[in-house]
Amino acid sequence: KEVIDEAGMVEAFTERPDLRYIADVKPDNLETLRAACGDKADKRVMVTVKKMGAQTLEANNNAGIQAAEQIVAFFEKGEKGPWVNRW
């Protein structure tokens, strides 16, 4: 939760009808976010009932390293993968 700018996310969803958000941690402003999505909220904002990710220090460290490597690869080389869903 500490890495999500929840107010910024509401603003982005208001401006960009193409955005979607799927998470296993419920944002504090979930109802505000869903309201910003209007009648398409069920298709644009999805949050699982409970945390689905690994809860070990090693798993969290590995996920952080992988995310950092992907961000660097995007900005340095324009790489856009790996993707979970492509549509």
Side-chain angles (χ1 to χ4, degrees):
K1 285 181 125 179
E2 297 83 21
V3 299
I4 302 295
D5 175 6
E6 293 181 359
M9 196 162 58
V10 170
E11 183 179 332
F13 269 77
T14 302
E15 296 173 2
R16 298 265 315 268
D18 60 319
L19 293 181
R20 289 172 175 72
Y21 180 71
I22 301 172
D24 61 353
V25 176
K26 179 181 156 188
D28 291 334
N29 67 343
L30 180 60
E31 293 310 313
T32 304
L33 181 59
R34 291 178 61 77
C37 296
D39 62 347
K40 302 220 186 272
D42 289 340
K43 293 184 178 185
R44 295 184 63 200
V45 179
M46 292 163 260
V47 180
T48 60
V49 177
K50 66 178 202 169
K51 178 93 171 94
M52 303 298 290
Q55 291 297 313
T56 66
L57 179 60
E58 181 182 14
N60 288 332
N61 286 341
N62 288 339
I65 290 167
Q66 184 178 13
E69 288 172 348
Q70 290 173 3
I71 292 168
V72 170
F74 174 78
F75 284 108
E76 288 184 347
K77 303 173 195 166
E79 292 179 9
K80 296 181 181 178
W83 291 0
V84 175
N85 296 312
R86 297 178 192 213
W87 64 84

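Both backbone and side-chain heavy atoms feed into the values below; hydrogens, waters and symmetry mates do not. Counting begins at 1 with the first residue of the sequence.
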> With a cutoff of under 4.5 Å between side-chain heavy atoms, which Ile, Leu, Val, Met, Phe, Trp and Tyr residues group with Val72?
Replying inline: none
>> By the salt bridge (Lys or Arg N to Asp or Glu O under 4.0 Å) test, which pairs, at least two apart or in different chains, include something from residues 62-77?
In response: none
>> If the condition is side-chain hydrogen bond (donor to acceptor under 3.5 Å, both in side chains), which residues does Asp39 pass it with, not counting sequence neighbours?
In response: none
> Can you name the closest pair of heavy atoms from Val45 and Phe13 and give their distance?
Replying inline: CG2-CE2, 4.1 Å
> Which residues satisfy the side chain to side chain contact (heavy atoms under 4.5 Å, CB included) test with Glu31, sequence neighbours excluded?
Replying inline: Arg34
>> If the condition is side-chain hydrogen bond (donor to acceptor under 3.5 Å, both in side chains), which residues does Arg44 pass it with, not counting sequence neighbours?
In response: none
> What residues, two or more places apart in sequence or in another chain, satisfy side chain to side chain contact (heavy atoms under 4.5 Å, CB included) together with Ala7?
Replying inline: Asp5
>> Using the side chain to side chain contact (heavy atoms under 4.5 Å, CB included) criterion, which residues pair with Asn29? Sequence neighbours excluded.
In response: Glu6, Val10, Pro27, Thr32
> Members other than Phe75 in its cluster, when Ile, Leu, Val, Met, Phe, Trp, Tyr link by side-chain heavy atoms under 4.5 Å?
Replying inline: Ile71, Phe74
> Taking atom CD of Glu79 and atom CD of Gln70, what is their separation to the nearest 0.5 Å?
Replying inline: 9.5 Å
>> Filter on side chain to side chain donor-acceptor pair (under 3.5 Å), then keep only pairs touching residues 7-16, sequence neighbours left out; what's left?
In response: Arg16-Asp18
